[in-house]
Amino acid sequence: MFTSNDPMTLNLIEIRKDFPILDRELRPGVRLTYLDTTATAQKPLAVINAMDDFYRRSNANIHRGVHTLAEEATTLYENARERIAKFINAESARQVIYTRNTTESINLVAYTWARANLKPGDLVILTEMEHHSNLVPWHMLQAERGIELDFIPVTQDGLLDLVTYGMLLERNPKLVSFTHMSNVLGTINPAAEMIRLAHEAGAIVLVDGAQSVPHLKVDMQALDADFYAFSAHKMCGPTGIGVLYGKTALLESMPPFLGGGDMIKEVKLRSFRANTLPHKFEAGTPAIAEAVGFGVAVDYLTNLGMDNIAAHEHEITEYALERLEEIPGVKLFGPSADKKGGVASFTLEGVHPHDVAQILDRDGIAVRAGHHCAQPLHEKFGIPATSRASFYLYNTKEEVDLLVNGIYTVKKMFG
Amino acid sequence: MFTSNDPMTLNLIEIRKDFPILDRELRPGVRLTYLDTTATAQKPLAVINAMDDFYRRSNANIHRGVHTLAEEATTLYENARERIAKFINAESARQVIYTRNTTESINLVAYTWARANLKPGDLVILTEMEHHSNLVPWHMLQAERGIELDFIPVTQDGLLDLVTYGMLLERNPKLVSFTHMSNVLGTINPAAEMIRLAHEAGAIVLVDGAQSVPHLKVDMQALDADFYAFSAHKMCGPTGIGVLYGKTALLESMPPFLGGGDMIKEVKLRSFRANTLPHKFEAGTPAIAEAVGFGVAVDYLTNLGMDNIAAHEHEITEYALERLEEIPGVKLFGPSADKKGGVASFTLEGVHPHDVAQILDRDGIAVRAGHHCAQPLHEKFGIPATSRASFYLYNTKEEVDLLVNGIYTVKKMFG
Amino acid sequence: MDDLYREVIIEHYKNPSYRGKLDPHDISFADNNPLCGDHIQIDLRVSPDGVVTDARFDGHGCAISQASADLLIESIIGKPLEEVKKLNKESVLELLGIELGPVRLKCALLSLKVLKAGVYGLQEASDSLVE
Amino acid sequence: MDDLYREVIIEHYKNPSYRGKLDPHDISFADNNPLCGDHIQIDLRVSPDGVVTDARFDGHGCAISQASADLLIESIIGKPLEEVKKLNKESVLELLGIELGPVRLKCALLSLKVLKAGVYGLQEASDSLVE
Ligand SMILES: Cc1ncc(COP(=O)(O)O)c(C=O)c1O
Ligand SMILES: Cc1ncc(COP(=O)(O)O)c(C=O)c1O
């Protein structure tokens with residue numbers, strides 16, 4: 001599918017062989033064209049096999065066992081944590097807390113740090129481009145605690161209005177929580193600068209990294225975020241596991257979240273003492289096989305090189321925006337390719353996004369249609385839904401061409 | 001390993017072939033003897049392959065996608081829920097909420113139902129044999145909310161003191177929360193009767209089913225529990241997924257737990273409306289592959305027949321208790337085989353349980369040593385730790401013999 | 001799959017026969033599919049002996065939801081309410097003449113859900129449609 | 001693996017040379033391993049020029065934790081505190097002469113953790129031993 005004199009640095013022919021699903025025929029003669037990585041990424045064989053192997057050879061519960069399998073499982077689980085910590089350049093693996101997903105990571109902060117530190121009237125700054133995962137936990141806290149919410153507006157070209165942000169910061173916010181990269185517009189927000197400004201204003205910063213960690217090199221020490229949340233399943237890893245990174249002192253100061261096995265140092269009938277980091281926040285049997293898979297996913301990305309991945313995605317995205325723009329009736333949302341990751345959200349005049357996605361699916365092209373868990377952003381743009389094509393390390397320009405041809409077919413059917 | 005004229009109803013030769021790990025040589029010449037199912041169960045090929053297959057063929061995010069893979073993944077995820085619902089005889093699949101594990105299930109009730117319904121001074125009844133997962137969430141609520149905790153005592157022979165339970169019920173408890181089967185003593189508590197009494201006293205009942213669902217036929221409609229919690233990993237399923245079952249009216253009356261994608265019906269910038277059951281309690285991308293594996297685990301158990309599994313375990317346990325009792329210096333904890341599941345916890349005079357476990361491990365025998373996340377229970381019996389051998393559908397009497405021989409080796413070394 | 005966008009569906013979507021409102025009406029109800037923002041309102045006129053004498057739908061959404069609304073309205077005019085109450089998932093799929101996966105099913109059934117909510121009251125309607 | 005229970009370890013466990021308490025003492029500290037309930041207390045006598053003149057441990061636990069305590073005490077008597085402060089994971093493993101997985105490592109290091117806590121103060125001790 002990919003010609004060998006292609007200029008990209010990633011060897012797409014080899015890479016695509018790593019992903020068994022990309023070979024799938026959905027129906028006779030209809031090969032999969034997967035353009036929905038923003039929802040969840042596909043998994044390379046190395047990740048699938050690592051989990052398979054774990055269950056076939058090493059499966060045991062961790063931490064409390066002294067037998068060989070328990071020791072092996074514990075080592076595998078904790079080694080994965082170390083590699084993930086290194087991948088995001090955390091100072092220590094103790095700052096990497098396993099959760100189910102980005103959503104749980106954000107809720108963990110809302111339930112522990114925020115409930116321990118926010119009083120009625122305290123201001124939390126969010127943005128208009130947040131995923132529901134970074135809105136609803138704060139809605140819940142607003143209802144329960146009477147905190148105040150305000151929002152950094154999104155401009156018509158899909159960027160955060162940083163002038164208004166500056167004004168909001170003058171109102172003494174306690175927390176600023178924003179997405180590093182929008183899952184609809186693709187916008188990569190200037191996180192380091194936003195964090196610096198928030199810190200100057202005395203606020204704690206939580207970054208939703210669900211879309212950034214899979215696609216960009218992120219460096220916790222350079223960014224200086226207080227909390228950072230992401231999911232394995234969007235970065236070639238398994239479902240069922242995510243991470244909350246936090247600054248050590250903050251994590252140590254926080255009350256625990258879920259109570260149970262492993263998060264304790266000692267339990268009496270009527271009281272308990274919490275364990276040290278990171279176990280304090282990991283109650284019960286964790287997603288062990290998933291941690292093993294996550295570690296291998298991080299190795300896979302590291303081997304390819306995050307800079308190479310970002311460069312490849314940039315090239316594909318630039319091409320995709322160019323080609324989509326040419327199609328009469330297509331309206332693209334979000335900034336130009338140089339300010340965004342591999343996401344192209346669009347509407348097609350006269351055709352509902354669900355119909356676009358469904359008709360593309362007849363040719364095996366998987367795009368997402370809907371509000372992409374960002375209803376307020378869609379409302380802002382006055383539309384109920386968009387179609388979204390998204391690109392990852394395994395996507396090719398040929399697949400963009402298939403998408404464009406598919407959209408012409410849609411137009412013909414509804415023409 | 002198993003002779004064909006063995007009287008048990010389960011065909012152990014065939015069953016053991018389903019579990020690749022049971023063939024593992026830990027070290028040259030040392031085959032695994034896995035007696036640690038109470039910590040986590042091993043996985044049959046069918047479960048491992050189902051998840052493998054999911055990632056190779058059907059992986060996509062669920063619910064919001066219209067493309068083929070998204071539809072497939074959604075169907076697989078929801079079909080698994082239906083089979084799990086059927087397995088526990090719930091009235092409806094909407095009562096089956098996917099969580100990470102038993103621990104999260106219990107915490108979910110503590111964070112939502114309990115925080116919405118319990119006032120300072122309200123009484124919650126637990127037992128002295130609870131796992132930390134059914135203690136710490138209530139310790140946290142006691143500290144936060146000033147609820148009162150009291151405990152059904154455990155008798156010297158490892159049973160709940162139901163006379164005291166009756167007296168506690170007279171104090172108008174709001175919640176009774178207890179384990180269906182003890183993970184240390186093996187005691188199977190008379191759950192149906194205890195639930196009936198609690199309901200007569202006007203209390204809501206939460207049952208920790210982490211050890212019962214894997215080993216006994218449980219029937220939600222017959223038991224009449226208000227909430228019931230269990231984990232996939234203890235019943236041949238993957239890590240990273242568990243269930244909270246709840247009565248529909250209760251679940252509907254409860255506030256949501258984690259906020260984010262999928263648990264909403266509608267999100268505005270400053271407010272949200274929660275989704276219907278079960279999605280209301282499933283925020284963010286769930287453990288999709290794990291749900292698929294869980295469904296297959298339930299099929300596997302169903303095919304073998306829970307009654308057959310329980311009968312097999314009973315036979316093994318009876319034999320194990322008999323053989324262990326003969327060993328001078330071995331002290332067993334918990335009731336006789338007819339009142340318990342496949343758990344044998346013991347101490348060996350003059351040898352610390354960690355040393356017992358470690359020396360058994362030299363012969364490939366995996367038992368657990370420690371407080372098994374039930375510190376208060378161990379304190380009650382005046383010991384810091386026990387060794388625990390536990391049995392499941394794949395264990396044989398020959399493995400019990402290996403355990404017994406191993407203990408004699410330990411005695412010789414420390415003799 | 002290939003007949004998911006049968007001519008008839010696209011035709012009913014592009015040129016619906018029963019789009020609009022009825023004023024006055026006896027029953028009116030609206031709801032939306034939160035997944036995609038599809039919105040349907042249905043107005044009914046019902047004779048004293050319980051027969052639907054006229055009906056219209058209004059709203060916006062995908063071809064499946066709008067076409068199924070148009071087809072559904074067409075099918076109930078002249079029918080007694082008792083028969084309308086008996087309509088189910090299968091009735092709608094028969095009208096559309098296609099098979100649908102779980103996500104698009106919600107689009108297809110939105111108009112039926114609205115109709116039943118109008119006829120029965122909201123709770124029963126959603127109970128009767130839960131997959 | 002096979003030398004995990006070397007004669008010497010079982011010997012030191014069954015017949016420890018330095019089990020007991022020192023009264024009076026200059027430094028005393030105790031801690032336990034919450035995973036298994038192992039408990040170690042260490043008492044030290046230290047000369048004015050900072051040399052450990054006598055030491056004892058007390059407590060209960062597994063062979064690894066108790067033997068390593070006995071071996072550790074044996075190794076520090078007569079040593080300056082400055083040298084005691086330099087002891088680390090490797091020192092203990094060398095004394096035991098075995099390799100250990102992550103869980104049993106905690107048992108082996110409990111006495112060192114207690115010793116360092118006594119010598120340094122608790123926080124630094126656990127920092128310096130975090131795996
Ligand atoms: C009785 C009991 N309750 C709760 C749990 C906690 O289960 P999980 O670690 O899967 O949350 C266990 C498992 O160790 C258990 O045996
Ligand atoms: C920006 C953003 N935040 C949060 C999430 C939620 O991630 P998860 O569903 O893995 O919790 C997503 C994924 O949909 C996302 O794109």
Side-chain angles (χ1 to χ4, degrees), chain B residues 25-32 36 39-40 132 135-136 184 329 333 345 347-388 406-415, chain D residues 1-17 19 30-41 57-72 89 92-93 95-114 131:
Chain B
E25 272 199 354
L26 294 174
R27 287 169 290 283
V30 179
R31 177 81 22 117
L32 173 65
D36 193 20
T40 201
H132 294 165
L135 290 170
V136 180
V184 177
F333 294 84
S345 293
T347 53
L348 178 62
E349 210 186 319
V351 191
H352 191 282
H354 264 189
D355 295 320
V356 173
Q358 186 99 48
I359 294 168
L360 289 174
D361 182 64
R362 305 203 309 178
D363 298 328
I365 304 166
V367 303
R368 203 140 279 239
H371 52 55
H372 317 301
C373 291
Q375 266 189 312
L377 181 65
H378 280 79
E379 205 160 295
K380 166 103 184 182
F381 284 105
I383 43 171
T386 48
S387 302
R388 179 185 71 191
I407 295 174
Y408 277 108
T409 308
V410 175
K411 281 172 68 76
K412 204 154 64 197
M413 286 184 61
F414 278 80
Chain D
M1 261 300 172
D2 238 304
D3 50 10
L4 193 50
Y5 288 89
R6 291 164 60 227
E7 290 277 304
V8 53
I9 291 177
I10 300 218
E11 197 44 43
H12 277 274
Y13 171 63
K14 291 208 293 198
N15 303 306
S17 312
R19 180 183 286 281
D31 201 358
N32 56 352
N33 179 344
L35 281 168
C36 47
D38 287 6
H39 180 86
I40 297 274
Q41 170 174 338
F57 82 97
D58 206 359
H60 57 81
C62 64
I64 306 279
S65 80
Q66 304 298 305
S68 71
D70 202 47
L71 287 159
L72 183 68
K89 187 166 97 177
V92 175
L93 290 181
L95 288 171
L96 286 168
I98 54 173
E99 298 217 5
L100 286 171
V103 175
R104 297 317 299 281
L105 201 55
K106 293 209 172 111
C107 305
L109 295 183
L110 177 59
S111 49
L112 180 61
K113 191 172 151 200
V114 170
E131 307 92 292

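Numbers restart at 1 for each chain; the letters A, B, ... are given by sequence-line order, proteins then strands.
In this structure D/Glu11 satisfies the salt bridge (Lys or Arg N to Asp or Glu O under 4.0 Å) test with no other residue, sequence neighbours excluded.
Salt-bridge check for D/Asp38 with D/Lys106: failed, with every basic side-chain N at 4.0 Å or more from each acidic carboxylate O. Using a cutoff of 4.0 Å between basic side-chain nitrogens and carboxylate oxygens, D/Asp31 and D/Lys113 are scored as salt-bridged. Under the 4.0 Å criterion applied to side-chain N and carboxylate O atoms, B/Asp363 and B/Arg27 are not assigned as salt-bridge partners.
D/Leu72 pairs in a side chain to side chain contact (heavy atoms under 4.5 Å, CB included) with only one of the listed residues (D/Leu96, D/Ile40, D/Leu95), which is D/Leu95.
Proximity to chain D at a heavy-atom threshold of 4.5 Å picks out B/Met413, B/Phe414, B/Gly415 from residues 408-415 of chain B, in numerical order.
Within the 4.5 Å cutoff, the side chain of B/Phe381 has no heavy atoms near those of the B/Thr386 side chain.
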